[in-house]
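Report on one structure; see the data block that follows.
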2 protein chains.
Amino acid sequence: MTAKTKHNIVIVDDHLLFAGSLEKLLESFGEFNVLFHAKNGSDFQQKLKLAKMQPDVVLLDINMPVMDGFETANWLSSYRKDIKVLALSMDDDEETILRMLRCGANGYLLKDIHPDKLREALLEVIHKGYYHSEKVAAALLQSLNPAKEKPEHRLKENERIFISLACTEMTYKEIAEKMNLSPKTIDGYRHELFSRLQIKNRVGLVIYALKHDLYRIQ
Amino acid sequence: MTAKTKHNIVIVDDHLLFAGSLEKLLESFGEFNVLFHAKNGSDFQQKLKLAKMQPDVVLLDINMPVMDGFETANWLSSYRKDIKVLALSMDDDEETILRMLRCGANGYLLKDIHPDKLREALLEVIHKGYYHSEKVAAALLQSLNPAKEKPEHRLKENERIFISLACTEMTYKEIAEKMNLSPKTIDGYRHELFSRLQIKNRVGLVIYALKHDLYRIQ
DNA sequence: ATAAAGTACAGGGTTTATCCCCTTGTGACT
DNA sequence: AGTCACAAGGGGATAAACCCTGTACTTTAT
């Protein structure tokens, strides 16, 4: 395979070590050529505009500082629709997968897959225009089936505020004061959330909040 | 360089794609030979015992399910002190770096370093027995300054276990049963930790645990 | 060698917070 | 008129948090 017929790839990831290693892996497959690296979305924008060759596929990390994967995919899908985007993430959360696909990604890969899967995914994205692993396909189906959705996990604004306050050292009484509500109303929120989210106590609520990004440490 | 004179490396990381890529990077340097991968600490234990060749260095990820980097480094430093450990993490938190070094790691590398630094670090660990980047060296110096040390944050093993159980929906009574201790002893642990860590209630303890990586979501 | 100090575990008793059940008033919308 | 969402309350059981005390065993000092 000559250099001309190789598929051109760009890697966007803030972890230099990973990006560099990934390049070696792609080279070892023999049919790919890495044009350049970028350490975040805006770095990618600049380098893409200056590049003399355009990539066929962008391997895009989601968790990045400055301009994350969602923003980058969104921008690229309006700027150059012919460049395919393969999202790379450690997160197998359904919400994240769907959000990334809605931002225009052509495929979604978990970082804990076998290296051979990456080759398979890249070739599929190039030839078929999309790639979906079993997990992603399952998430897609779930989202299309409204019956299987979990409406009990939809939260109202006051519930979100309460949950994030419950992740602090405040007592329920103090939370009530802060929200200008009666402690008894807070008691009602608590009881309602415990049964809807199937948790047993306040620690369960904190864990739920952290899992679903309703509260962030530090 | 013949295969015999190459340095033997083992990679312990739950992200298969990263581990596989890293292997290609190491191969490209020419002076390293990857013996095997493991996806967590206990997987590593098993494979190490069966392996016909022993590694010179273990590249060890910190964030893993089942048996994390701390536990693994701890185990290895008592099992085989001649095998060097180079910790790999995205976390530049001072606490984490020091904890890993206390667990017996011979060096600490951030995942966002340049690939060439990895080669440098590996060679230094092999020849000098340790490697410390600027950031790690700075953290070490800080810890040597007794004025800035926080001895009240050093935890005993039972305290660590208690804290991670306090991050679940278990009551203190259930935690006591699980640890084969009286509920009153647990009450003592709780009181001691609240005053030492300057927190007011169990939620504070959960937040502390998550900040300092004593408990991990999911 | 023995007293003093420290550490780990466990107990009694009390207050406060959490958790749970059941009920009520008030607008708002069909 | 009905029911729905929301805020609020009464009463009570359980868990969490905070006292202070005691025993057994180890470490350290003299």
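Just so it is clear: chains get the letters A, B, ... in the order the sequence lines come, proteins before strands, and each one is counted from 1.
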* Nearest-nucleotide pick for B:N158, side chain only, options being C:dC9, C:dT18, D:dG9 -> C:dC9
* For B:R80, which residues count as a salt bridge (Lys or Arg N to Asp or Glu O under 4.0 Å) partner, sequence neighbours excluded? -> B:D82
* To do: With B:L59 as reference, evaluate B:L22, B:V34, B:V125 under the side-chain contact (heavy atoms from CB on, under 4.5 Å) test and give the passing residue.
  => B:L22
* Can you check the A:R202 CZ to C:dC19 C1' distance for me, whole Å? -> 12 Å
* Examine distances only and state if a side-chain atom of A:T185 and a backbone atom of A:L181 form a donor-acceptor pair shorter than 3.5 Å. => no
* Structure fact -> Expected list for residues 185-193 of chain A near DNA chain C, using heavy atoms below 4.0 Å, is A:D187, A:R190, A:H191
* Does one side chain, of B:N106 or B:Y131, offer a donor that lies under 3.5 Å from an acceptor on the other? -> no
* Can you see which heavy atom on B:T168 is nearest to which on B:S164, and at what distance? => CG2-O, 3.8 Å
* Residue pairs fulfilling salt bridge (charged side-chain N to carboxylate O under 4.0 Å, His left out) with at least one residue in residues 36-55 of chain B, sequence neighbours excluded -> B:D43-B:K47
Which atoms of nucleotides 20-24 of chain D (N or O only) lie under 3.5 Å from a protein N or O atom, and what are those distances?
none

* Considering heavy-atom distances to DNA chain C, does B:K156 or B:S182 have its closest nucleotide positioned more toward the 5' end? -> B:K156
* Asked: By side chain to side chain contact (heavy atoms under 4.5 Å, CB included), which residues pair with B:K200, not counting sequence neighbours?
  -> A:E169
Identify all pairs in which a protein N or O lies below 3.5 Å from an N or O of nucleotides 23-29 of chain C, and state each distance.
none

* Between atom CG in A:L181 and atom P in D:dG9, what is the gap in whole Å? -> 11 Å
* Asked: salt bridge (charged side-chain N to carboxylate O under 4.0 Å, His left out): which pairs involve residues 12-22 of chain B, sequence neighbours left out?
  -> B:D13-B:K111
Which side-chain N or O atoms in residues 171-180 of chain B pair as donor and acceptor under 3.5 Å with protein atoms at least two apart or in another chain?
residue	atom	partner	partner atom	Å
B:T171	OG1	B:K173	N	3.4
B:T171	OG1	B:E174	N	3.2
B:E174	OE1	B:T171	N	2.8

* Pair B:D116 + B:R119: basic N to acidic O under 4.0 Å -> no
* Gap between atoms CG and C1', on B:N201 and D:dA16 respectively (whole Å) -> 9 Å
* Asked: Taking the six-membered ring of A:F194, is the NZ or CZ of A:R196 close enough (under 6.0 Å from the centre) and on axis enough (within 45°)?
  -> no
* What does the inter-axis angle of the helix from C:dA1-D:dT30 to C:dA28-D:dT3 come out as, five pairs per end, nearest 10 degrees? -> 30°
* Asked: Between atom NZ in B:K184 and atom C1' in D:dC18, what is the gap in whole Å?
  -> 9 Å
* Asked: Which of residues 161-179 of chain A sit near DNA chain D, with a heavy atom under 4.0 Å from it?
  -> none
* For the pair B:H37 and B:E23, evaluate side-chain hydrogen bond (donor to acceptor under 3.5 Å, both in side chains) and give the outcome as yes or no after the intermediate values. => CA-CA 9 Å; B:H37 296 178; B:E23 178 172 354; 2.7 Å; yes
* Can you tell me how far the CZ atom of A:F44 sits from the CG atom of A:D61, to the nearest 0.5 Å? -> 13.0 Å
* Asked: Sub-3.5 Å donor-acceptor pair from the side chain of B:D56 to the main-chain atoms of B:H7, do we have one?
  -> no
* Which residues share a salt bridge (Lys or Arg N to Asp or Glu O under 4.0 Å) with B:E27, sequence neighbours left out -> none
* Among pairs that include at least one residue of residues 67-115 of chain A, which meet ring pair (Phe, Tyr, Trp, His ring centres under 6.0 Å), considering only residues two or more places apart or in two chains? -> A:W75-A:Y79
* **Gap between atoms CG and P, on B:L155 and C:dA8 respectively (whole Å)** => 12 Å
